[in-house]
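To start, the structure itself, in structure tokens.
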Amino acid sequence: MSDALKKTVQEAFNEPGCATNRAKSAEARKKGCAKPLTPGAAAGGCAFDGAMITLQPIVDVAHLVHAPLACGGNSWDNRGSASSGSMLYKTGFTTDLTELDIVMGKGEAKLYAAIREIVETHAPPAVFVYATCVTAMIGDDIAAVCKAATEAFGTPAIPVDVPGYAGSKNLGCKLAGEMMYRHVIGTVEPERMTDCDINIIGDYNLNGELWQIKPLLDRLGIRIIGSLSADARYRQVAVMHRARVTMLVCSHALIGLARKMEDSWGIPFFEGSFYGISDTSEALRTMCRMLVERGAAEDLMDRCEALIAEEEAKARAALAPYRPRVEGRRVLLYTGGHKSWSVVSALQELGIEVVGTSVRKATETDKARVIRIMGDETHMYENMAPKDMYATLKAAKADILMSGARSQFVALKARTPWIDVNQEKHEPYAGYMGMVDLVRAIDRSVNNPVWEDVRRPAPWDGPGDAPRPATGLRPAAAPEDPAPGPVNDPKDFEDC
Amino acid sequence: MARLTRPRRALSTNPLKSSAPLGAAMAYLGIEGAVPLFHGAQGCTAFAMVHMVRHFKEAIPLQTTAMNEVSTILGGAEQIEEAIANIRKRAHPRFIGIASTALTETRGEDVPGELREVLARRRDFGDLKVVYASTPDFEGAMEDGWAAAVTAIVEALVPETDPQQRNTDSRQVNVLPSACVTPAEIEEIDRLIRAFGLTPIFLPDLSTALDGHLAEDWSGRSLGGTRLDDIPAMARSAATFAIGESMQGAARLLGARGGMPVQVFPSLTGLRAVDGFVRALMALAGTADAPPAIRRDRARLQDAMLDAHFQTGGLRYAIAADPDLAYALSSALAGMGAEAVAVVTTSGTNPIVELIPAEEAVLGDLGDLEAGARKAGAGLLIAHAHGRHAAQALGLPLLRAGFPINDRLGAQDICRVGYRGTRAFLFEVANAVLSHPHDAARPEDFGAAPIEPEFEHDRPQTAPH
Ligand code: SF4
């Protein structure tokens with residue numbers, strides 16, 4: 001690891017905004033919070049992956065991966081963050097380094113040429129250049145190449161110096177925020193400012209989740225001036241320093257960025273969630289209160305309460321028909337970060353029993369919230385190996401697993417309904433209406449007759465199921481039917 | 001459970017059903033060395049032939065008695081005799097299956113009686129088998145004509161056996177597939193049955209006749225099918241299985257002829273339905289076990305069900321098909337959490353309609369399908385190829401099922417029965433849903449205002465997608 005990178009990582013871990021960190025001794029703090037990865041038991045993504053997750057939703061930027069094919073090629077076009085405008089972010093750009101490039105040390109030259117090609121063909125507002133393990137190891141100085149390219153082509157080329165081996169996905173998210181802080185935020189002044197301008201950090205508009213929230217903000221006259229990086233334009237990142245308040249949606253990885261923005265530009269931030277009805281209301285309330293504190297019109301608070309009352313009533317009415325269909329179902333939740341608690345409270349509102357939740361990637365604050373909601377910590381899980389999860393599902397008699405796609409097959413092989421609540425999912429579940437969608441998804445899944453069918457014993461595994469109600473269509477034992485033979489026992493055909 | 005409704009109206013918009021004589025002709029084509037013969041006017045025959053040619057992409061040796069104005073008035077016995085003589089000369093068939101049409105039925109001839117006389121008189125016809133089924137166009141649909149033809153074959157060619165003298169072959173089983181069973185499906189059912197050490201005789205057997213194989217010479221008759229010698233031998237089978245409720249009558253008749261038990265499987269699509277069939281095979285074969293290939297197919301189907309249930313769960317779809325097919329597909333989909341919000345079918349004679357998992361089944365046309373799907377907000381259509389107009393009008397994906405499928409190749413290869421076929425079917429449905437372009441959310445869907453123009457990059461941009 002280069003010294004510069006080492007320093008960056010070190011800094012990232014010295015995070016006064018993080019409660020966990022504050023509780024540590026100076027010595028422990030230096031070691032950072034990323035636990036060393038265990039060979040043979042590591043499953044998550046790399047730091048490059050995390051940086052990509054965080055920044056790729058900036059839709060009009062060309063995201064160029066400086067690497068041999070795999071890093072960019074294998075991760076291309078598999079995330080569901082949606083764009084309402086440019087589709088450039090969906091294009092997979094990579095320098096596709098060959099062995100020859102590496103041996104001959106042609107990486108930097110190739111990168112420079114690649115940036116030029118992108119600028120000439122696509123004219124994006126910026127090119128983000130991602131370092132990866134190989135290019136970092138051979139010592140390509142992407143910062144220098146970016147600087148030269150920016151000067152030569154007039155389009156900012158932003159180095160995202162986060163090679164995969166630097167650490168975990170989570171660290172990558174952190175470092176991506178750091179890169180934005182160093183190279184992008186504050187580089188552009190907005191044309192106009194209002195006293196209701198906010199930043200949203202840590203939301204990625206998966207399947208359009210931001211759009212479930214935006215109408216609420218629109219109605220309150222709150223403008224998302226800066227976004228990292230749901231449905232974001234490059235300029236929305238560049239003007240983030242002019243927001244009045246920052247909402248931090250994913251409470252963990254990007255807290256450092258939020259805190260730095262508070263220090264540098266005096267923008268206060270709060271952590272909130274748009275999962276679940278009461279969390280959504282809570283987030284809106286906090287947002288409005290803080291905006292008023294920073295000079296927005298007093299009546300914002302009243303308008304906010306009116307909106308909340310109206311929307312909650314609407315959502316509760318929409319949910320009512322589902323309650324009897326999902327009430328009493330037992331859910332095992334395996335997700336991470338703020339979702340550990342925000343989804344729990346959302347489900348409990350509907351009489352769904354949460355038999356356990358994971359607290360991976362969750363902060364101490366997150367964990368405290370889980371304990372407050374669930375009563376104690378007996379049902380909190382850290383990382384769970386698939387085998388343990390399979391066992392827990394069975395032991396807890398869970399009816400549903402809600403998790404990311406990786407655990408999908410643990411549930412399915414245990415013949416248990418599964419709901420995707422992570423980044424690859426296909427439905428947005430944010431805000432009031434998103435909660436209705438989530439419950440609809442749960443209903444659709446747990447009440448699908450397919451479960452009964454796949455649990456049915458095979459014909460060669462013992463007796464068939466209870467006879468189906470007679471159809472009245474089977475030929476009645478016709479008088480001309482012959483004496484009993486092997487197939488003449490009507491019970492043989494009960495289930496046809 | 002569906003209530004059958006018959007809209008009262010004069011007009012049918014975009015007809016759904018194919019005629020009963022066509023169904024009969026198709027069944028006859030599943031007999032070795034056969035030439036089907038329409039007793040009617042030339043045009044009906046030509047239309048039916050072109051219809052089948054476009055579906056199977058094969059030459060279809062369908063013939064006509066070419067009734068004209070005079071013969072229609074005077075009676076068609078002579079036309080039939082002449083037609084048989086001519087066909088014999090040109091194609092040397094071993095079997096001729098006659099289907100009546102609306103024209104001859106309206107006139108009301110005693111064709112069976114006349115035919116008996118003709119055959120008694122014409123010793124020169126030799127061992128040519130001639131079978132007649134009454135299939136007026138104005139009654140029932142394709143599956144009714146098919147069933148009538150099979151019943152006629154059993155009636156004419158399977159001898160009555162004395163239960164006392166019965167010489168049963170305990171490993172032989174008769175299978176009467178209904179009109180919706182494709183050549184590839186016959187093959188799959190055949191594989192299932194043989195896996196248990198049993199030998200099936202299919203009547204008819206399209207798997208060797210219309211499976212789309214390149215023949216060695218030009219015959220002018222069907223290219224394969226149930227061997228004529230096997231038909232009388234069906235009397236000796238240990239059991240008769242019918243696939244599709246429309247075959248109940250034919251199966252009962254065959255059971256009575258051979259004094260054997262009869263079992264009707266309304267469908268072989270869906271885990272539960274196939275389990276039932278496998279159970280029957282196990283009982284017949286006297287085994288409590290299944291071969292590894294079958295076990296594996298079942299396990300793979302279960303996995304496929306779980307993979308596909310994300311798309312089928314809550315799926316609202318509209319289906320239009322003959323009753324047997326509509327029941328088979330909709331009952332399998334009901335087990336996957338999909339809801340048939342509009343069902344249109346073709347024949348009121350098949351009691352299975354009542355068991356279609358929907359509130360209502362309309363005895364109607366593709367116009368009803370379109371209207372029903374629109375009203376109920378369906379997300380997928382299942383119908384034969386002509387359903388594409390409705391699909392286009394509604395902007396929905398169309399899963400092609402039934403007859404005709406004339407705008408795609410390989411209709412004969414569609415297999416939706418058995419564990420394997422069900423698996424393929426579920427993937428088809430899920431993929432049709434996945435490929436539907438309208439599922440990507442837009443900000444407008446949620447009522448969100450657009451991003452302010454000041455943040456948009458002002459230079460031209462390529463939008464590759
Ligand atoms: S670990 Fe390194 S080489 Fe592997 S994908 Fe991440 S960046 Fe690329």
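Keep in mind it's a predicted model, so treat the numbers as computed, not measured. We name chains A, B, ... by the order of the sequence lines, and we start the count at 1 in each one.
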Notebook entry, point to check: Under a 4.5 Å heavy-atom cut-off, does chain A meet the side chain of A290(B), its backbone, both or neither?
Noted result: both
Item checked: Side chain, backbone, both or neither of I224(A) within contact of chain B (heavy atoms, under 4.5 Å) -> backbone
Next item on the list: Mind running side chain to side chain contact (heavy atoms under 4.5 Å, CB included) on V237(A) and F455(B) for me, showing each step along the way?
Entry: CA-CA 10 Å; V237(A) 183; F455(B) 299 124; over 6 Å; no
Check: G447(B), A308(B), G335(B): which one forms the most heavy-atom pairs within less than 4.5 Å of chain A?
Finding: G335(B)
Item checked: Toward chain B: residues of residues 437-447 of chain A with heavy atoms under 4.5 Å -> R444(A), S445(A)
Next item on the list: Go through E452(A), R223(A), K413(A), M433(A) and name the one with the most non-hydrogen pairs under 4.5 angstrom from chain B.
Entry: R223(A)
Item checked: Which portion of P417(A) sits near chain B, non-hydrogen atoms under 4.5 angstrom -> neither
Item checked: Salt bridge E452(B)-R233(A), side-chain N to carboxylate O under 4.0 Å -> no
Note to self: Heavy-atom cut-off 4.5 Å, strictly under: side chain, backbone, both or neither for D453(A) against chain B?
What the structure shows: both
Note to self: For D275(B) versus P459(A), what's the shortest heavy-atom pair and its separation?
What the structure shows: OD1-CD, 3.4 Å
Notebook entry, point to check: With respect to chain B, which residue among Y234(A), W418(A), F409(A) yields the maximal number of heavy-atom pairs within a distance under 4.5 Å?
Noted result: W418(A)
Notebook entry, point to check: NE2 of H309(B) to CG of L412(A): how many Å apart, nearest 0.5 Å?
Noted result: 6.5 Å
Margin query: Test: salt bridge (Lys or Arg N to Asp or Glu O under 4.0 Å). Region: residues 254-263 of chain B. Which pairs qualify, not counting sequence neighbours?
Written below: E155(B)-R257(B), E160(B)-R257(B)
Checklist line | From M305(B) atom CE to N448(A) atom CG, the distance as rounded to the nearest 0.5 Å | finding: 8.5 Å
Next item on the list: Determine, for E454(B) against R235(A), whether the closest basic-nitrogen to carboxylate-oxygen distance falls under 4.0 angstrom.
Entry: no
Note to self: What part of I294(B) gets within 4.5 angstrom of chain A, counting heavy atoms only: side chain, backbone, both, or neither?
What the structure shows: both
Margin query: I'd like to verify something: which residue of G314(B), P443(B), A448(B), G313(B) has the highest number of heavy-atom pairs under 4.5 Å with chain A?
Written below: P443(B)
Check: Is the count of non-hydrogen atoms from other residues, nucleotides or ligands lying under 6.0 Å from E117(A) atom CD greater than 12?
Finding: no
Next item on the list: Would you mind telling me which of L306(B), D307(B), D303(B) has the largest number of heavy-atom pairs within less than 4.5 Å of chain A?
Entry: L306(B)
Note to self: Among residues at least two apart in sequence or on other chains, which ones pass ring pair (Phe, Tyr, Trp, His ring centres under 6.0 Å) with F93(A)?
What the structure shows: H122(A)
Next item on the list: Determine whether more than 12 heavy atoms belonging to other residues, nucleotides or ligands lie under 6.0 Å from atom CZ of R455(A).
Entry: yes
Check: Between D231(A) and I451(B), what is the shortest heavy-atom contact and its length?
Finding: O-CD1, 3.8 Å
Notebook entry, point to check: Of the backbone (N, CA, C, O) and the side chain (C-beta and beyond), which part of V188(A) lies under 4.5 Å from a heavy atom of chain B, both, or neither?
Noted result: neither
Notebook entry, point to check: Where does S83(A) contact chain B at under 4.5 Å (heavy atoms): side chain, backbone, both or neither?
Noted result: backbone
Checklist line | H457(B) side chain vs A126(A) backbone, donor-acceptor pair below 3.5 Å | finding: no
Next item on the list: Using ring pair (Phe, Tyr, Trp, His ring centres under 6.0 Å) as the criterion, list what pairs up with W460(A), not counting sequence neighbours.
Entry: none
Notebook entry, point to check: Going by the angle between their ring planes, with limits at 30° and 60°, are W211(A) and F446(B) parallel, tilted or perpendicular?
Noted result: tilted
Item checked: Nearest-0.5 Å distance that lies between atom CD in E456(B) and atom CG in D60(A) -> 7.0 Å
